[in-house]
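Take a look at the structure set out below.
Index from 1, following the sequence.
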Amino acid sequence: MGMEPVLSVEGLTVDARTPDGLKRVLSGVSFDLAAGETLCLAGESGSGKSVTSLAIMGLLPKQSLKVTAGSIRLSGRDLTRMPQSGLRELRGGEIAMIFQEPMTSLNPVMTVGAQLTEAIRQHRKDERESPEAIAKAMLDAVHITEAARRLKQYPHELSGGMRQRVMIAMALSCRPKVLIADEPTTALDVTVQAQILTLMRELRREFQTSILMITHDMGVVAEMADRVAVMKSGEIVEQGGVLEIFDKPAAAYTRELLAAVPRLGALAGTDRPPSVTPGFEPSRDPPVVAEVRNLSVTYGARGGIFGFGKPPRPTVEDVSFTLRAGETLGLVGESGSGKSTTGKALLNLVPSTGTILLGGETVSGLSAAAMRPHRRAAQMIFQDPYASLDPRMNVGAAIAEPLIIHGIGTPAERRQKVADLLVRVGLSPDVAGRYPHEFSGGQRQRICIARALALEPRLIVADESVAALDVSVRARVLDLMLELQEQMGLSYLFISHDMAVIEKMAHHVAVMKGGRIVEMGTRRQVFENPQSDYTRTLLSAVPVPDPKRYRQAAG
């Protein structure tokens, strides 16, 4: 690695145009990427990772962001001085990017094949093989089955993991020297994530591509990186070899990131999450808050005059569980396993068969009007806090809305209740007049928790409620949820595909696959002595924040 770096960023500075003038977004960012190397840019949201990648690609929005200093050299050529026509020739051919959300990156009205061949026609004009043959070969390379059929499909017909593989195939189809991967596995299940990371390592070896990987997941950093650059507030606070960074981090911020990572097995030998409230003593015989017996949910029905159409498809089949006061049942499994549908069915948000009891009362099949009194006892926190909040309502109004619907309190009492709830979730009462877009992702999730608590429920269904959060923000939100559980006696149905998060939060664990629970038991039973092959597969796929483990396995 003594050769000239294939990509060299030196003193990169980016300013944002604001009504008050220019505001510094990146300040003096510098790093090198050698041929065949993987460099991970690690840090929380807002640290400048994605802005750095967009600046390298020449994709910064001109209206709002501007490179004001520094250089970006690709094989010796300064991209900051190159016209857009020149950058278009390089993009896709010599440098390519995998964006975080493949569904928004792929054109929904073009087939997968049309999108793949578009770049190949532009950058591989001298190839003897046809663009269609190259596109099929690339889908084969990323292990997509029935490649010829997939080329004729549209993005919405593919799973999230398949769409991400298509993005990787597209990025690598012209054999670029540099591949930038912006959070390529954040939204994927652990098993799919493991497959994608393995695939990227294989393709790096095959095509000798250099990879700049952007992530906030330190487990992914440990598995993938040769070197690491840690970013905070638009600056690189530390960089070095991956073993050096993990063994002896010099920057306090790096140590905070590493300390916040949930480590699978860290709670081995214990039956309960660690107490976060001083002097907390759990109830020895807590009452049952929710009970589900033989729950099934079926989507689709034959329609039309002659009964044609897709046959009904069971999404959840014969699911049963019990949830007690002050305890958490972790519901874990891959996308499509039926976790979210089970959570919605528990709250009567989707039609189901079987028996659902909340507080000892049967709520199965109740109408919306009949269900309303029970909504006070059971609330839901959704995965995307931004989509859960009305952008036209300030957060104070959003939190007060359930109180208004249920006719609770006077306007003055509701304002006080909102202030108390904001304090309870670690926010200032002064923020009640602000709007959702003025908050970070972690703050918005706290607001959603405050809204769920407004009616003082006994049960909260948390559906992937921390999946999109940075590792340190996630740790703080999880601690908040544990604290609220201990103080208020809350029960959680905690839905997640993250096994380390489930281990931290759950008293009992149910593992779902194909709409059925394949294994259920105490946290200790499931994590320390799994009986199902599927559970063992999920556990083995979790990235571990220990780079030595991967180097020993490879060596």
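The side chain to side chain contact (heavy atoms under 4.5 Å, CB included) search around Lys417 returns Leu403, Leu421, Glu456, not counting sequence neighbours. Listed by chain and number, the residues in a side chain to side chain contact (heavy atoms under 4.5 Å, CB included) with Ala268 are Glu528 (sequence neighbours excluded). By the side chain to side chain contact (heavy atoms under 4.5 Å, CB included) test, Arg458 pairs with Val289, Ala377, sequence neighbours left out. Annotation: side-chain hydrogen bond (donor to acceptor under 3.5 Å, both in side chains) contacts of Lys513 (sequence neighbours excluded): none. Judged as a side-chain hydrogen bond (donor to acceptor under 3.5 Å, both in side chains), and not counting sequence neighbours, Glu327 has no contacts. Remark: Gln487 pairs with Glu483 by the side-chain hydrogen bond (donor to acceptor under 3.5 Å, both in side chains) rule, at least two apart or across chains. Not counting sequence neighbours, Arg272 has no partner by the salt bridge (charged side-chain N to carboxylate O under 4.0 Å, His left out) test. Partners of Thr277 by side-chain hydrogen bond (donor to acceptor under 3.5 Å, both in side chains), not counting sequence neighbours, listed by chain and number: Glu486. Every residue meeting the salt bridge (charged side-chain N to carboxylate O under 4.0 Å, His left out) condition with Arg204, not counting sequence neighbours, appears here in chain and number order: Asp226. Scored by the side chain to side chain contact (heavy atoms under 4.5 Å, CB included) test, Glu157 finds Gln153, Tyr154 as partners (sequence neighbours excluded).
When atom types are taken as modelled, the side chain of Arg523 and the backbone of Glu503 share a donor-acceptor pair closer than 3.5 angstrom. Using modelled atom types, no side-chain atom of Arg293 and backbone atom of Thr355 make a donor-acceptor pair closer than 3.5 Å. Here the side chain of Tyr492 pairs a donor or acceptor atom with the backbone of Met481 at under 3.5 angstrom. Using modelled atom types, no side-chain atom of Glu291 and backbone atom of Leu357 make a donor-acceptor pair closer than 3.5 Å. Without hydrogens or angle criteria, Glu519 side chain to Pro530 main chain gives no donor-acceptor distance under 3.5 Å.
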Show me the donor-acceptor pairs within less than 3.5 Å that the side chains of residues 339-351 make with the rest of the protein, sequence neighbours left out.
residue, atom, partner, partner atom, Å
Lys339, NZ, Gly333, O, 2.9
Lys339, NZ, Glu334, O, 3.2
Ser340, OG, Asp463, OD1, 3.0
Ser340, OG, Asp463, OD2, 2.9
Thr342, OG1, Gly338, O, 2.8
Asn348, ND2, Val363, O, 2.5

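The residues Arg150 and Asp140 are annotated as not salt-bridged, no charged nitrogen and carboxylate oxygen being separated by less than 4.0 angstrom. A salt bridge is absent between Asp546 and Lys548; no separation between the charged side-chain nitrogens and carboxylate oxygens falls under 4.0 Å. Under 4.0 Å is where a charged nitrogen must lie from a carboxylate oxygen, and between Arg536 and Asp533 at least one such pair does.
Looking at heavy atoms from C-beta onward, His216 lies in side-chain contact with Glu183 at the 4.5 angstrom threshold. Looking at heavy atoms from C-beta onward, Thr215 lies out of side-chain contact with Met224 at the 4.5 angstrom threshold. Considering only heavy atoms from C-beta on, Ile245 stays 4.5 Å or farther from Val221 through its side chain. In this structure, Gln115 and Pro155 have side chains that are in contact, with non-hydrogen atoms separated by less than 4.5 Å.
Summarising the geometry, atom CE belonging to Met218 is positioned 4.5 Å from atom CG belonging to Leu258; distances are rounded to the nearest 0.5 Å. To the nearest 0.5 angstrom, Gln195 atom CD is 10.5 Å from Glu202 atom CD. Between the OG1 atom in Thr38 and the CD atom in Glu223 there is a gap of 11.0 Å [rounded to 0.5 Å]. Considering CG of Leu139 and CD1 of Ile168, their distance stands at 11.5 Å, rounded to 0.5 Å. Atom CZ in Phe527 sits 9.5 Å away from atom CG in Leu267 (nearest 0.5 Å). How far CG of Leu459 is from CG of Leu490: 9.0 Å, rounded to the nearest 0.5 Å.
Residue Ser352 is tested with Val292, Asn294, Val316, Val297 for a side-chain contact (heavy atoms from CB on, under 4.5 Å); the sole match is Val297.
The list of side chain to side chain donor-acceptor pair (under 3.5 Å) pairs with a residue in residues 364-380, not counting sequence neighbours, is empty.
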